[in-house]
Participant: 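Dropping a structure here in structure tokens format, bear with me for questions.
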Amino acid sequence: MAGEDDDGDAVSSTPGGFRLRWDVFLSFRGEDTRSTITKSLYEALKSRGVRVFLDDDGLDRGDDIAPSLLEAIDDSAAAIVVLSRRYADSRWCLEELAKICESSRRCLILPVFYQVDPSDVRRQRGPFSEHFSAHELQYGNAVVSRWRSAMAKVGGKAGYVCNSSSKEAEVVQGLVKKVLNEIRKTPVGLASYTVGLDSRVEDAMRLLDVRSNGVRVLGIHGMGGVGKTTLAKALFNRLVAYFEHRGFISNVRETSAGHEGLVTLQNRLIGSLSTLKMPVNELNVGISAIKATVYEKRVLIVLDDVDNVEQLSALVGNRDWFYEGSRIIVTTRDRSALPDHLVNKLYEVRELDSSQALELFSYHALRKEKPPDDFLALSKQIVSLTGGLPLALEVFGSYLLYRRRIEEWRDSLQKLKHIRPGDLQDVLKISYDALDEQEKCIFLDFACLFVKMNMKREDAIDILKGCGFDGEIAIADLTAKSLMKVYEDGMLWMHDQVRDMGRQIVRHENVEDPGMRSRLWDRDEILNVFKDDKGTRCIQGIVLDFESSIRMVRDPSGDSVSWDNFRKSPSFSSAVTYLKERHKAYLQNQAEKKREVVICSKPLGAMVNLRLLQINFVNLEGKFKFLPAELKWLQWKGCPLKFLPSDFCPRRLAVLDLSKSKLVSLWRGRNKVPEQLMFLILHECSYLTAIPDLSGNRALEKIVLELCVNLNKLHDSVGNLNTLVHLNLRGCSNLIELPSDVSGLRKLENLILTGCSKLKKLPSNMDSMVSLKELLLDETVIESLPESIFKLTKLERLSLNRCKFLKGLPELIGKLCSLKEISLNGSALEKLPDSFGSLANLERLSLLWCNSLTTIPDSIGHLNSLVEFLTYGSPIKELPASIGSLSNLRELSVGRGEFMRELPDSVGGLNSLVVLQIDETLITNLPHEIGALKTLEKLEMRKCGFLRSLPQSIGSMRGLTAIVITDATITELPESVGMLENLTVLRLNGCKQLRKLPASIGQLKSLHRLQMADTAVTELPESFGMLSSLMVLKMRKKHQNREHTEEINFILPSSFSNLSLLYDLDAYACNISGKIVDDFERLSSLETLNLSRNSFCSLPASLRGLSVLKKLLLSHCKKLKSLPPLPSSLDEVNIANCTSLESISDISNLQNLVELNLTSCDKVVDIPGLECLNSLVRLYASGCNACSSVVKKRLAKSYLRKIRNLSMPGSKIPDWFSQGVVTFSERKNCVLKSVIIGVVVSLNQQIPDEIREELPAIVDIQAKILVVDFPTFTSALNLQGVPNTNEDQFHLCRYPTGVPLVSQLKEGYKIHVSRRIRH
């Protein structure tokens, strides 16, 4: 059986939430397969609840393919095509196949090659040749070419090969598994069908103009439901590749309304842009932290659903916070929330026009681009009434999806006509009204409670189950009706308009009195209900979360440092300092106590119908007997109690979540766990030492004790919980043992013991866990698995990563007939048992970094389902020849440590392989057979120092998109490389003997990135200029002192005519000499040009034509005598150590220039236009003695107010600097804006020139913040520009607000600048 193709071309299944009429369309040749594989497949799929369209009238068809067949293809999520010997004999089969391939809604296509060769299908050879020839005579080339194209497309997919009847069952099983995996009842990661989005994205991209300088803030505004968030997400996805630092902050309006909402948003933004772990707790501190985070970084930020200026002030303030090139996108319903001082570009999202609206509605209501004639008039009327709002069209269309009678549509139209024009909420409410009572209850729970909590699907299902609902079905139904969605990570999401519609329904239950409503989510309303004792029987759910109230982060130096100083040197001064610090600590503790939220339990007594209660990080005072008996879900994260009191007894409690609490034990004495408790969540209860006797419970399904680091054992009753399905003990680092008897855990499916670093063994009777599917034992100290583990016949995943004492596996492990994944990364495994080959369902085998594993058994060739095989970092000497039988394998990773000498020739049999990684091996050549890997997309061979050549057959690997070969000894690439029409990345870094590129390289029309740093290539072929898709060219070389070596000049092609997409060109130290071809203006997209350490004497005048060039790097070009006029787009110019440079053209046009480095350009006498550079903040002119006086005259005093880094010759620090250690003192009504540090530095005369030239900066000068003479922050000064002279140089460094050296300064703190002491 061949591999299941999961790449983007093959797998493009319909969004799961949009259920089509059929799950699978079966295309087959009746006389070949009707009674064999097609029958078996149809019955197997039907038995699993899959809706299969099977047309059995093929023999009786007329001349035209039935319209019902075409509709069935369009209305199917997937197509299984059984390609048999006589398939192409049938015109109808070929017409079906063409329709499947041409379907406007790209469905999942799964080909079955039934007793035929896939290559014959792809090329229409063998049994198909005669049939196509006959068709061409009868129907003509135009018709048949369409069928040939469809056959080639399907034949090129990795499908299922069935060469004998004995393999039919295996193929059928694989297909059923694939279909069930792709077409699931409750979808995850819904793909939205959009209309008109592309044009909106292009319009907004023009406004953002990502290649231009400056900071652009785009305000996207429009009415609710018009598609602002969808547009913002699409823009983020388009821009993300341009920015290393980026963040998408959603639900700004909703989050900011919560407790400390703006601070919460600040922490989310900081967390998305950096790795900063220390949270902020105050608004002003957050602003400083954001400024520090974005300091001198190009960032991309999206703030979605902003509704007031205060939110923007707290998060993005002013454009001058941000570095050049940053882009910020803000979406809002309110145009007035976009202030002019911040937002400099506006885009209004308008409603869809009538044709676009009709298309979107038709898709959601009918799964067609256009309604059929009998529904067209009704559709147009509905569209006109929904006002062209995408959300209304999607929700109302989904409401009509299963209503396919015209009478039902007419009734729905009448409902729409009674709604006020433009009232989106009422349009959405039609969908709500159509729900049954239980669905309405669940929808309101989501809209009012769960969505606010950013809840995951799995957790919601648990809670709904605890309330007696079927969560799986409920989420599937609400998703199918477009009332909610589930993201790929399992997070539940609801459009804010749908959410607000649900909340409005609840508000209308009682407009005046929140206590008379069914659900409460507003913090102030909830606190008032408790404060005024207004709880009633109406209330069913409350969510109150103060988790964002993070404890203040104290100075690490505080009272403890001053106490240590007092003990070491008792004096009056040190005593006073200690008392001051103690007083500060007292005030801080008092402030923290004031932040605590306290509510009384008594009002709960009146809430007799309360099902759902969340009171996170709240102190609940009073008697716990008031907790309602009907309570099903209690989430009390951060519970401050050590034990639950004896009167805690909610009899019907099903879900108890006390994560991050201070519990030592659940309760004292003989309190029994609630009998109906199903889910017990005690995540990160770091004080918990024990859990109680759970034997009285008959309902527990899930126990989560993750990161309960003080828990050392489980109560024996856990081993007898015969209802338990999930037990999570991840990170319980002090857990020594499990209950010795686990015979009762017959329903347990998931056992997670990862990180239980003191757990040495598993219970001997683990074979009692007959339902176990997942066993995670990573980072435990177990030495062996129980021999009886082979009896766990339902086990699907076994993980033993970093088990440092596990040397072997039980011999009978091959009997784990359901095992799909086993991972032993970093373990002490010495060998795999021969029985491994019996794991018929194994899909993933990971053996990374197994330092004692040297061989792989031949039996691995029997793993017919294996998709991923990873041995990187393990000293495997050879792969068995049987590996070529792994027809489903998609990823193979081997190497590291130079043990493997060759790949077996059989590797050519891996006809589903997509990724092949072979790093650090002794391999000298690849087998010729590797050319048979038609599906291979990535070939990676890093640090293969013995690799001498690549086979000519590599040109046959037409699927290749990336070749990465580094540090190899290859001297040339085969000419056949030019045949790799899909190649986008070619990386050859460190191949030092590679002397030339093939002439055919110009044929690589898809090549985007060519990296060949440190090669011996000295000439680019003439065809190089034809690489029309090339974007990045890196061919830098290591700088070598060429005084005693023969120089070989680098030869550039005569023209760059077609390199119009190239944006990054790095030719560092390539020894380009003489004149550079005056063809630069052809490189119209060039943004970075690095020609440093070359020998040319002049630059072409066409350089000025590079209108988007941002960085021009020319350091150490020691023969360059003049700098021509430069493009105005530049933000960085580096001409350091251009020691022959005498003249610089007027640079007054460089209004975007931020950094200019001309260190050691000692022949330059003037920099004309310098005084006009309004954006310049870094000027490095160390060693420029000839022009230093002119530079000082050109720089106005006002320039010093914005300069961040300045270096130039000089031995005196200006008088306005304070000398020595400076004590900071806050001044009334004055805000600290920056700290400026000036130093004079001279270099040791003994430092050789060649070392100086390699130094990017002087790193020995440090600035420290001292508190009570203890350093709390240390930073090396940014002293760039190392001169080739020993004379004194003056350096000035400005640190703006937000940088720690400024933001951490407080009254009485000191700043000390000194030389770093080397130990």
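Source: prediction; values computed, not measured. What's counted below: heavy atoms across the whole structure, side chains too, no hydrogens, waters or symmetry copies. Nothing fancy with the numbering, it's 1 onward along the sequence.
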Participant: First locate atom CG of Leu449, then atom CD of Gln614, and finally report the distance between them rounded to the nearest 0.5 Å.
Facilitator: 8.5 Å
Participant: Would you find more than 12 non-hydrogen atoms of other residues, nucleotides or ligands less than 6.0 Å from Lys233 atom NZ?
Facilitator: yes
Participant: Using the rule given for side-chain hydrogen bond (donor to acceptor under 3.5 Å, both in side chains), can you reason through Asp353 versus Ser355, listing the C-alpha separation, both sets of side-chain angles and the distance that settles it, and then say yes or no?
Facilitator: CA-CA 6 Å; Asp353 63 35; Ser355 61; 2.9 Å; yes
Participant: Answer yes or no: is there a donor N or O on one side and an acceptor on the other, between the side chain of Ser362 and the main chain of Leu358, under 3.5 Å?
Facilitator: no
Participant: Could you walk me through whether Glu1226 and Lys1306 pass the salt bridge (charged side-chain N to carboxylate O under 4.0 Å, His left out) check?
Facilitator: CA-CA 8 Å; Glu1226 295 180 352; Lys1306 295 181 182 179; over 6 Å; no
Participant: Within the side chain of Asn318, is there an N or O that forms a donor-acceptor pair under 3.5 Å with the backbone of Trp321?
Facilitator: no
Participant: Would you give the length of the straight line joining atom CG of Leu444 to atom CE of Met501, rounded to the nearest 0.5 angstrom?
Facilitator: 8.5 Å
Participant: Output all residues satisfying ring-ring contact (aromatic ring centres under 6.0 Å, His included) with Trp636, sequence neighbours left out; order by chain, then residue number.
Facilitator: Phe624
Participant: Kindly compute the distance separating NZ (Lys228) from CZ (Arg200), expressed to the nearest 0.5 Å.
Facilitator: 10.0 Å
Participant: What residues, two or more places apart in sequence or in another chain, satisfy side chain to side chain contact (heavy atoms under 4.5 Å, CB included) together with Asn528?
Facilitator: Asp532
Participant: Any donor and acceptor pair, going by atom type alone, linking the side chain of Lys345 with main-chain N or O of Arg206 inside 3.5 Å?
Facilitator: no
Participant: Quiz question: by atom type and distance under 3.5 Å, do the side chains of Asp500 and Gln425 form a donor-acceptor pair?
Facilitator: no
Participant: What closest approach, in Å, do Asp1131 and Lys1111 show between heavy atoms, and which atom pair accounts for it?
Facilitator: OD1-NZ, 3.8 Å
Participant: Charged N to carboxylate O under 4.0 angstrom, Arg503 versus Glu254?
Facilitator: yes
Participant: Ignoring hydrogens and angles, tell me if any N or O in the side chain of Asn237 forms a donor-acceptor pair with the backbone of Leu239 under 3.5 Å.
Facilitator: no
Participant: Is the shortest side-chain heavy-atom distance between Ile301 and Ile329 below 4.5 Å?
Facilitator: no
Participant: Tell me, do Lys481 and Leu435 make a side-chain contact under 4.5 Å, heavy atoms counted?
Facilitator: yes
Participant: How close do Val280 and Gly286 get, counting heavy atoms only, and between which atoms?
Facilitator: CG2-CA, 3.8 Å
Participant: Quick one: does any side-chain atom of Arg457 pair with a main-chain N or O of Ala460 as donor and acceptor, under 3.5 Å?
Facilitator: no
Participant: I'd like to check Asp477 versus Ile442 (side-chain heavy atoms, cut-off strictly below 4.5 Å). Are they in contact?
Facilitator: no
Participant: Less than 4.5 Å apart, any side-chain heavy atom of Asn267 and any of Asn281?
Facilitator: no
Participant: Under 3.5 Å, is there a donor-acceptor pair between the Gln311 and Asp307 side chains?
Facilitator: yes
Participant: Any salt bridge linking Arg350 with Glu348? Criterion: basic side-chain nitrogen under 4.0 Å from a carboxylate oxygen.
Facilitator: yes
Participant: Identify the residue among Val299, Ile290, Thr293 that makes a side chain to side chain contact (heavy atoms under 4.5 Å, CB included) with Ser274.
Facilitator: Thr293
Participant: Only one of Leu207, Val226, Thr229, Leu235 forms a side chain to side chain contact (heavy atoms under 4.5 Å, CB included) with Ile220, so which one is it?
Facilitator: Leu235
Participant: Would a 4.5 Å heavy-atom cut-off, applied to side chains only, mark Leu612 and Arg519 as touching?
Facilitator: no
Participant: Just by modelled atom types, is the Val511 backbone N or O under 3.5 Å from a matching donor or acceptor in the Arg517 side chain?
Facilitator: yes
Participant: Please report the shortest heavy-atom distance between Ala392 and Val427, naming the atom on each side.
Facilitator: CB-CG1, 4.0 Å
Participant: Tell me, with the steps shown, if Trp521 and Val506 meet side-chain contact (heavy atoms from CB on, under 4.5 Å).
Facilitator: CA-CA 11 Å; Trp521 61 91; Val506 171; 3.8 Å; yes
Participant: Nearest 0.5 Å, please: how far is CD in Gln540 from CG in Leu520?
Facilitator: 11.0 Å
Participant: The test is ring-ring contact (aromatic ring centres under 6.0 Å, His included); show your working for Tyr432 and Phe443 and say whether it passes.
Facilitator: CA-CA 8 Å; Tyr432 169 80; Phe443 170 78; 5.6 Å; yes
Participant: Do you know the tightest heavy-atom contact between Ser250 and Thr255?
Facilitator: O-OG1, 4.3 Å
Participant: What residues form a salt bridge (charged side-chain N to carboxylate O under 4.0 Å, His left out) with Glu512, not counting sequence neighbours?
Facilitator: none
Participant: When you check the side-chain N and O atoms of Thr332 and Arg253, is any donor under 3.5 Å from an acceptor?
Facilitator: no
Participant: Is the backbone N or O of Leu218 less than 3.5 Å from a side-chain atom of Asn344, with the two atoms forming a donor-acceptor pair by type?
Facilitator: no
Participant: May I ask you to decide if the ring planes of Phe361 and Phe396 are parallel, tilted or perpendicular, using 30° and 60° as cut-offs?
Facilitator: parallel
Participant: Looking at Asp522 and Lys452, is there a salt bridge between them, counting it only when a charged N and a carboxylate O are closer than 4.0 Å?
Facilitator: no
Participant: With side-chain contact (heavy atoms from CB on, under 4.5 Å) as the test, would you mind laying out the steps for Arg216 and Asp209 before giving the verdict?
Facilitator: CA-CA 8 Å; Arg216 297 206 176 190; Asp209 191 9; 3.5 Å; yes
Participant: Using side-chain heavy atoms (C-beta onward) and a distance below 4.5 Å, is Leu338 in contact with His221?
Facilitator: yes
Participant: What I want to find out is whether Glu684 reaches Lys637 closely enough, with some N-O distance under 4.0 Å, to be called a salt bridge.
Facilitator: no
Participant: Would you call Asp496-Arg333 a salt bridge at under 4.0 Å N-O?
Facilitator: yes
Participant: Here's one to test your reading of the geometry: is the NZ or CZ of Arg298 within 45 degrees of the ring axis of Phe243 and under 6.0 Å from its centre?
Facilitator: yes
Participant: Given Glu282 and Val263, is the side-chain contact (heavy atoms from CB on, under 4.5 Å) satisfied, shown in steps?
Facilitator: CA-CA 6 Å; Glu282 295 177 2; Val263 174; 5.9 Å; no
Participant: Indicate the atoms forming the closest heavy-atom contact of Gly471 with Leu464, along with that distance.
Facilitator: CA-CD1, 3.7 Å
Participant: How about Leu385 and Ile419: do any of their side-chain heavy atoms sit closer than 4.5 Å?
Facilitator: no
Participant: Closest approach of Val215 and Arg319, non-hydrogen atoms and distance?
Facilitator: O-CD, 3.6 Å
Participant: Output the distance between atom CG (Asp459) and atom CE (Met453), rounded to the nearest 0.5 Å.
Facilitator: 8.0 Å
Participant: Are the side chain of Ser326 and the backbone of Phe322 linked by a donor-acceptor contact shorter than 3.5 Å?
Facilitator: no
Participant: Taking Arg211 for the side chain and Val1108 for the main chain, is one N or O donor matched with an acceptor at less than 3.5 Å?
Facilitator: no
Participant: Do Arg327 side-chain atoms and Leu208 backbone N/O form a donor-acceptor pair below 3.5 Å?
Facilitator: yes
Participant: For the residue pair Asn616 and Gln635, confirm or rule out a side-chain donor-acceptor distance under 3.5 Å.
Facilitator: yes
Participant: Could you check if a side-chain atom of Val240 sits within less than 4.5 angstrom of a side-chain atom of Phe236, using non-hydrogen atoms only?
Facilitator: yes
Participant: Looking only at side-chain N and O atoms, does Ser1175 offer a donor or acceptor that is under 3.5 Å from a partner on Asn1152?
Facilitator: no
Participant: Decide yes or no on side-chain contact (heavy atoms from CB on, under 4.5 Å) for Leu312 and Leu315, but give the supporting numbers first.
Facilitator: CA-CA 5 Å; Leu312 296 179; Leu315 296 170; 5.9 Å; no
